[in-house]
2 protein chains.
Amino acid sequence: MLTITDVSRRSGVASSALRFYEERGLIASERAGSGHRRYPRSVLRRIAFIVFAQRIGLTLEEIGAELAKLPADRVPSRRDWSRLSGQWTKRIDQRIAELQRLRSGLTECIGCGCLSIDRCSLANPADMAGRKGPGPRYWLG
Amino acid sequence: MLTITDVSRRSGVASSALRFYEERGLIASERAGSGHRRYPRSVLRRIAFIVFAQRIGLTLEEIGAELAKLPADRVPSRRDWSRLSGQWTKRIDQRIAELQRLRSGLTECIGCGCLSIDRCSLANPADMAGRKGPGPRYWLG
DNA sequence: CTACAAGTTCAAGTTAACTTGAAGTCAAGC
DNA sequence: GCTTGACTTCAAGTTAACTTGAACTTGTAG
């Protein structure tokens with residue numbers, strides 16, 4: 001079993017963040033008699049998954065929902081993990097496609113004038129990956 | 001000259017956001033005798049640029065720095081705009097490359113076990129596009 | 001002339017994902 | 001036995017990019 005500092009050092013995630021993740025139900029810990037957290041090694045894989053997913057653009061809430069699909073009664077297997085990540089490939093591909101669209105827009109649109117808003121091909125981009133809230137929504141979806 | 005509602009409607013950016021951008025120095029307006037804002041049509045191009053750049057991942061601060069490079073004495077030309085966006089292609093390509101790395105990591109790493117942190121190829125990803133602050137920094141750069 | 005829609009400023013609220021600080025407990029070395 | 005460092009909780013602070021609300025003024029249609 002690992003202490004919070006062990007986990008922090010091995011994962012690169014600050015202890016404060018680990019406590020925060022626990023509060024949000026993303027990871028769990030047992031307690032030593034003293035009240036100090038003790039983590040099984042398997043938590044490292046879980047944390048790796050969290051960081052990974054964040055980098056792809058999921059929010060902690062979404063990540064929590066994914067993690068909730070893992071079996072609670074045993075350490076998740078290879079198959080369990082890959083089932084979760086299956087969905088993501090699509091999401092990544094969409095984001096890549098959007099970036100490519102943006103890139104070609106850079107050379108084709110900004111110079112030409114269609115960025116003056118009306119009929120640019122960028123006016124109808126792909127998904128938003130975590131921005132449902134306020135902000136400029138016309139071009140952003 | 002356009003009113004703030006005109007600009008908002010044409011750009012899809014809320015008037016509150018337009019005032020906010022002005023406060024941050026990203027756009028400018030003249031005033032009617034009443035104190036109401038009046039915008040030249042060229043502001044639409046500028047706003048398009050802002051939204052565009054945000055979508056690529058620049059912060060408003062970075063965008064402000066870019067916009068500051070435009071000539072102040074005249075309406076920017078095609079060339080002026082394309083000079084600004086030249087830098088971005090590189091940035092977009094890096095982000096795309098990272099996403100591709102993440103995608104292959106999904107199928108190759110999460111299943112296999114190297115996500116148990118030590119020597120995964122994902123442990124050393126590309127640039128961060130606007131996350132210098134707090135957060136898990138080990139994998140994220 | 002009277003509504004009322006649209007505009008103004010300024011301060012404060014919002015969300016995500018954490019961090020920081022205060023105040024206190026626990027464990028280990030000397 | 002004492003100091004030091006790691007740990008705990010809980011509340012409050014942080015940053016970006018806006019939004020919302022209050023209180024007030026202007027412009028316009030009937």
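Residue numbers start from 1 in every chain, and the chains themselves are labelled A, B, ... in the order their sequence lines are given, proteins ahead of strands.
- Between R37(B) and dG7(C), a side-chain N or O to OP1/OP2 separation shorter than 4.0 Å is absent.
- A straight line from CZ of R24(A) to P of dA16(C) spans 7 Å, rounded to a whole angstrom.
- For R31(A), a side-chain nitrogen or oxygen approaches OP1 or OP2 of dT9(D) to under 4.0 Å.
- Counting heavy atoms from C-beta outward, T3(B) and D6(B) have side chains that approach closer than 4.5 Å.
- Between the CD atom of E22(A) and the P atom of dC10(D) there is a distance of 12 Å, given to the nearest Å.
- Rounded to a whole Å, the CG atom of L60(B) is 8 Å from the C1' atom of dA16(D).
- In this structure, R83(B) pairs ionically with D80(B), as a charged nitrogen and a carboxylate oxygen lie closer than 4.0 Å.
- Computed from coordinates, the L18(A) CG to dA6(D) P distance equals 16 Å when rounded to whole Å.
- When side chains are defined from C-beta on, L44(A) counts as touching L2(A), because their heavy atoms get closer than 4.5 Å.
- One interatomic measurement links the two molecules: CD1 of I50(A) to P of dC18(C), which rounds to 9 Å at whole-angstrom precision.
- Ion pairing between a basic and an acidic side chain is recognised when a charged N comes within 4.0 Å of a carboxylate O; E22(B) and R19(B) show no such pairing.
- When the P atom of dT19(D) is taken as reference, atom CZ of F20(B) falls 9 Å away, rounded to whole Å.
- Taking 4.0 angstrom as the limit, Y21(A) places a side-chain polar atom (N or O) nearer than this to OP1 or OP2 of dC18(C).
- Distance from the side chain of A17(B) is smallest for dC18(D) among the nucleotides dC18(D), dC18(C), dA16(D).
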Atom pairs under 3.5 Å: protein N/O with N/O of nucleotides 23-30 of chain D:
residue	atom	partner	partner atom	Å
dG27(D)	OP1	S34(B)	OG	3.1

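- Between I4(B) atom CD1 and S29(B) atom OG the span is 7.5 Å, to the nearest 0.5 Å.
- When heavy atoms are screened at a 4.0 angstrom cut-off, S15(B) is found touching no nucleic acid atom at all.
- By the 4.5 Å heavy-atom criterion applied to side chains, I27(A) and L67(A) are not counted as neighbours.
- Per the geometry, CD belonging to Q54(B) stands 8 Å off C1' belonging to dA17(D), to the nearest Å.
- Following rounding to the nearest Å, E23(B) (CD) and dT19(D) (P) show an atom-to-atom distance of 13 Å.
- With R46(B) contributing its side chain and L26(B) its backbone, the two residues share a donor-acceptor pair below 3.5 Å.
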